[in-house]
Amino acid sequence: MPGAIHAEGLVKTFGDVRALDGVDLDVPEGTVLGLLGPNGAGKTTTVRVLTTLLQPDSGKAVVAGIDVLKHPNEVRRSIGLSGQFAAVDEYLTGRENLQMVGRLYQMNAKAAKKRADELLERFNLADAADRTAKTYSGGMRRRLDLAAALVVSPPVMFMDEPTTGLDPRNRQALWGIIQELVAGGTTLLLTTQYLEEADHLAHDICVVDHGRVIARGTSDQLKAQTGGERVEVVVHDHEMIAPARDVLGRYGLSGIGHGEVTVEEHTRKLTVPVTGGAKLLAEVIRDLDARGVEIDDIGLRRPTLDDVFISLTGHAAERAEDENGEAPTDAKDRRKSRKEAAK
Amino acid sequence: MTAVTDAVTTTGPRGGISQSVTDSLVVAKRNLIRMSRIPEMVIFGLIQPIMFVVLFSYVFGGSMNIGGTTSPSVYREFLMAGIFAQTVTFATAGAGAGIADDMHKGLIDRFRALPMARGAVLTGRTLADLVQTALTVVVLAIVALLVGWRVHNGIPKALAAFALLLLLGYAFSWIGALIGLSVRTPEAATSGGLIWLFPVTFISNAFVDSSKMTPWLRHIAEWNPFSATVQACRELFGNPGVSPSDAWPMQHPVWASIIWSVLIILVFRTLAVRKYRSATA
Ligand SMILES: Nc1ncnc2c1ncn2[C@@H]1O[C@H](COP(=O)(O)OP(=O)(O)OP(=O)(O)O)[C@@H](O)[C@H]1O
Ligand SMILES: [Mg+2]
């Protein structure tokens, strides 16, 4: 059975730009899909197609069991949307904005008012409820926009970079609200540039680039694909980078593209992929000590989603360049030479 | 704490006319609140026609021959129908600018993702503009009375004339709406919404006696929808300078005015609503 959000082969071109180049998605009911990708990857375009705002050139989309292309108005009854840029009426107060949206979802005036009050309270906007949105800060507008998307607590929600511009406290609060929604059975498609957020909220993650899904899976699956643990060392001064490099080189995993020591000159940080965990870490420390390398910091690090993101989208970008014949050397050589240059 | 997930009772899908009306009124209310919070827009809208009354009647007043006389007071009476009609049409540039602004700010996207009646966003806007136009016309009528304009055929006919004017204004605001949806910025919508109004209002019987124009211009002027309303108003107000032309719209100006306005609404509403569904900023 297809999920609450289901897309197959979505294609959308704007002139020469292929914004979507065959996007497939499936989000099971009651789960959160994190849509990741670099700027211009096609995240917003995907959201706009799924929320009936944009007609795709080809492909199929079903939301809440309803065909998006055939019955857009029925789909609109079942979705809530918070777009990438806050869409609130600046000359209306926060309360008036929410009441209007409620009325347009066919609530009666009284219900719309009650709902607006609840949401204002919930989004920390009660104090500013009767001020025009023009006087709101960026984060307040963002929250008002999110509140507008939740007016009818629809079964399927779309949020395009919902926490961009929110302070840490309000971001946490929104995460709480999202988790509450999902616990209540809502299906959510979320785009974000904060990978920590995807890690925290999303059941599944899709990485898109150049209008195509280039990886999908749970965050653990994606991390496992990218590689295992690493030892990270920060040495005390620049003189010690060379000996530390020697030592770490011995511990690195062999194999193509692995085992090399990465050096970040300005932070005096060296990183090497390893296996062996904490036991190995103790050995490394002893060895470094024996060589007289003074260290400021050392640790075992697991890949983050940031690493996943950079390795995936980095490859994709390089491959695209290769195809265009702009990059004569192969991707790995280039990465190596970048590291040489960093020495 | 459960506010967000609380079940919400809506009256369910209503659809049809009743939803169209409610949605349009909700949007109209929103636009009226906006207008009340940007009073300078309304005030500029009032100053412009008042300036036209003063400038036209005192600068041109003595040199225009209307019905065989160049008396400034006769020209003032002649002029008012033209100024009224011009005022209701100029107010339509506002509709276009407002819609372009909504699109620019992403509000049209917000509306388009809601289960609203199809034309409600545009209908709401044009209705709000109609209210503003009516307000402007009332103020203008008071100023006109102060400079010596009078109605001579009784109040009911005068009210009928005002109804025709508002109908024309409403029709033109749909042209403004289409322009607003077609351009990329509110600024472009304002200028784009105004430029075409100059030929439309000047190649007409509004400010001069059209029967003295060169023949080809005269034909355009006489069949201009704008002229029909001006002619109808002069007749209904009992003001001087009713064109004696044989052209059908000049002979039956009230009917011509109604037909033109309804036709414009039908055509441009259809085009604008279609454009709305696919428009992107
Ligand atoms: N209306 C439009 N007209 C022309 N090109 C567009 C339009 N909308 C999007 N694009 C192009 O489509 C591509 C995908 O854009 P999209 O907004 O979906 O990216 P995104 O993944 O949301 O990026 P970001 O992280 O910056 O928000 C981009 O190259 C963009 O320039
Ligand atoms: Mg985007």
Side-chain angles (χ1 to χ4, degrees), chain A residues 48 51-55 72-93 96-97 99-108 111-112 114-115 117-119 121-123 132 134 145 147-154 158 177-178 180-181 183-186, chain B residues 1-16 18-41 98 101-118 120-121 124-125 128 276-281:
Chain A
R48 288 173 57 83
T51 52
T52 77
L53 294 178
L54 204 60
Q55 192 91 11
N73 222 33
E74 274 80 277
V75 170
R76 290 178 196 126
R77 281 181 210 292
S78 309
I79 61 169
L81 165 67
S82 170
Q84 185 168 2
F85 305 101
V88 298
D89 191 326
E90 299 190 309
Y91 288 96
L92 261 52
T93 65
E96 285 165 347
N97 263 293
Q99 282 177 0
M100 174 181 75
V101 172
R103 295 287 281 138
L104 294 175
Y105 270 116
Q106 281 114 58
M107 292 161 95
N108 64 38
K114 182 162 164 282
R115 185 62 181 159
D117 290 345
E118 284 168 5
L119 286 167
E121 193 65 49
R122 197 60 219 273
F123 280 85
T132 54
K134 207 176 161 51
D145 186 72
L150 292 173
V151 164
V152 289
S153 22
F158 295 85
I177 291 170
I178 288 175
E180 197 185 299
L181 281 169
T186 303
Chain B
M1 276 307 279
T2 54
V4 170
T5 45
D6 269 354
V8 173
T9 43
T10 70
T11 39
R14 263 178 293 149
S18 122
Q19 192 198 337
S20 283
V21 172
T22 330
D23 287 357
S24 301
L25 290 179
V26 170
V27 178
K29 182 179 161 198
R30 168 228 168 200
N31 282 309
L32 288 172
I33 295 175
R34 275 176 75 90
M35 283 173 194
S36 73
R37 302 221 168 114
I38 326 174
E40 55 276 26
M41 296 274 283
D101 189 48
D102 284 351
M103 205 148 72
H104 200 61
K105 301 245 164 77
L107 275 162
I108 296 286
D109 271 0
R110 153 88 53 228
F111 288 133
R112 284 174 61 216
L114 292 173
M116 293 174 64
R118 268 197 292 149
V121 169
R125 175 76 219 190
Y276 168 81
R277 293 164 68 196
S278 64
T280 42

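The figures here come from the full heavy-atom set of this structure, side chains too, leaving out hydrogens, waters and symmetry mates. Here is the naming used below: chain letters follow the sequence lines, and residue numbers restart at 1 for every chain.
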Atom pair CE (M100(A)) and CZ (F111(B)), whose distance is rounded to the nearest 0.5 Å: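 It is 4.0 Å, given to the nearest 0.5 Å.
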Distance, nearest 0.5 Å, that separates CD of E96(A) from NZ of K29(B):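 Result: 7.0 Å between the selected atoms.
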Partner chain B: residue of N97(A), L81(A), V75(A) with the largest heavy-atom pair count (under 4.5 Å):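 Maximum pair count with chain B is reached by L81(A).
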Winner by heavy-atom pair count (cut-off under 4.5 Å) against chain B, out of L104(A), V88(A), N73(A):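 Heavy-atom pair counts peak at L104(A).
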D109(B)/R48(A) salt bridge by N-O under 4.0 Å criterion: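 D109(B) and R48(A): salt-bridged.
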Heavy-atom closest contact (A87(A) atom, G106(B) atom, distance):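 Closest heavy-atom pair between A87(A) and G106(B): CB-O, 3.3 Å.
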Is any side-chain heavy atom of [X] closer than 4.5 Å to a side-chain heavy atom of [Y]?
| X | Y | result |
| --- | --- | --- |
| T52(A) | R112(B) | no |
| R37(B) | T93(A) | yes |
| R103(A) | D23(B) | no |

[X] portion near chain B, given a 4.5 angstrom heavy-atom threshold:
| X | value |
| --- | --- |
| A86(A) | backbone |
| T132(A) | side chain |
| Q55(A) | neither |

Evaluation steps, side chain to side chain contact (heavy atoms under 4.5 Å, CB included), between E90(A) and D101(B): CA-CA 11 Å; E90(A) 299 190 309; D101(B) 189 48; over 6 Å; no
Choice from D102(B), I33(B), V26(B), L114(B) maximising heavy atom contacts with chain A below 4.5 Å: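 The option with the most such pairs is L114(B).
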For E74(A), side-chain contact (heavy atoms from CB on, under 4.5 Å) partners two or more places apart: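 side-chain contact (heavy atoms from CB on, under 4.5 Å) list for E74(A), sorted by chain: I66(A), H71(A).
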Flag, side chain of Q106(A) to backbone of T22(B), donor-acceptor distance under 3.5 Å: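 Side chain of Q106(A) to backbone of T22(B): no pair is present.
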Salt bridge (charged side-chain N to carboxylate O under 4.0 Å, His left out) between D89(A) and R110(B), worked out: CA-CA 10 Å; D89(A) 191 326; R110(B) 153 88 53 228; over 6 Å; no
